[in-house]
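Residue numbers begin at 1 in each chain, while the letters A, B, ... track the order of the sequences.
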Amino acid sequence: GNSVTQMEGPVTLSEEAFLTINCTYTATGYPSLFWYVQYPGEGLQLLLKATKADDKGSNKGFEATYRKETTSFHLEKGSVQVSDSAVYFCALNFNKFYFGSGTKLNVKP
Amino acid sequence: DAGVIQSPRHEVTEMGQEVTLRCKPISGHDSLFWYRQTMMRGLELLIYFNNNVPIDDSGMPEDRFSAKMPNASFSTLKIQPSEPRDSAVYFCASSLESSGGSSYNEQFFGPGTRLTVL
């Protein structure tokens with residue numbers, strides 16, 4: 001079947017630290033991959049996406065590369081800010097959306 | 001574009017009462033999704049519609065839950081009777097599935113309805 005697994009949180013970092021949130025997937029075909037972000041009290045917003053192998057999605061300093069060989073789509077940012085504190089969801093779309101369980105990021109000043 | 005609109009934003013009710021949540025998807029989108037989010041279970045897909053027709057309702061927890069989409073611009077999720085364990089944030093999302101292949105398109109989420117059943 002199709003599923004997404006992402007690292008457990010919470011992840012706590014100091015401002016300007018490097019961020020990695022791991023995401024791996026299982027799919028019966030070739031899905032599109034997404035990262036969504038949820039700020040407190042809000043709905044999920046698309047952060048970035050990649051639709052085929054080796055594509056790199058990027059937005060607001062965040063990046064993720066679609067790695068078919070390792071079935072991964074890890075989220076990275078070189079220097080996090082306090083305003084990046086949120087819950088991050090990895091997801092795949094293969095005729096249906098499958099979301100990971102979410103990873104909470106806390107960034108301290 | 002106003003985005004996905006949900007109402008009410010907050011609902012507090014007593015056990016046994018009927019609750020109706022409302023959603024207006026983005027104009028032109030042909031698919032609509034209802035999700036429930038709790039600390040314990042995370043984000044769960046309850047039901048989704050394509051062209052106003054329910055396609056997959058396997059996530060609807062029990063007969064107390066029902067959803068309708070009478071037209072392309074409106075959907076409701078009803079809980080009758082409500083129970084304390086239904087307390088959660090309920091999200092509606094919409095997407096355009098029919099163009100370019102369904103797997104490429106993102107879902108757009110509303111702000112959610114926070115439901116508290118006492």
- line: Applying a strict 4.5 Å limit to non-hydrogen atoms, the region of R114(B) in contact with chain A is neither
query: Taking C-beta and beyond as the side chain, do R36(B) and F65(B) meet within less than 4.5 Å on heavy atoms?
result: yes
field: Heavy-atom proximity to chain B below 4.5 Å, by part of Q38(A)
entry: side chain
message: Taking side chain as everything from C-beta outward and backbone as N, CA, C, O, which of these in F33(B) sits under 4.5 Å from a heavy atom of chain A? Side chain, backbone, both or neither.
response: neither
- prompt: Side chain, backbone, both or neither: which part of Y98(A) has a heavy atom under 4.5 Å from chain B?
  reply: neither
field: Qualifying disulfide (SG to SG under 2.5 Å) pairs with a residue from residues 44-78 of chain B, counting only residues at least two apart or across chains
entry: none
- line: So OG1 of T5(A) and CG of N22(A): to nearest 0.5 Å the spacing works out to 11.0 Å
message: If we check ring-ring contact (aromatic ring centres under 6.0 Å, His included) with Y36(A), which of these qualifies: F89(A), F99(A), Y88(A)?
response: F99(A)
message: Please rank G112(B), P111(B), G42(B) by heavy-atom pairs under 4.5 Å with chain A and give me the top one.
response: P111(B)
query: Which bit of Q6(B) is near chain A, if near means a heavy-atom gap under 4.5 Å: side chain, backbone, both or neither?
result: neither
message: So, using side chain to side chain donor-acceptor pair (under 3.5 Å) as the criterion, who are the partners of S72(A) when residues are at least two apart?
response: T70(A)
message: Side-chain heavy atoms nearer than 4.5 Å, only ILVMFWY residues, links allowed to pass through others: does that put M69(B) and L96(B) together?
response: no
message: Looking at chain B, which one of G43(A), A91(A), G41(A), G29(A) has the largest number of heavy-atom pairs inside 4.5 Å, strictly under?
response: G43(A)
field: Engaged part of I55(B) at the chain A interface, taking heavy atoms whose separation is under 4.5 Å
entry: neither
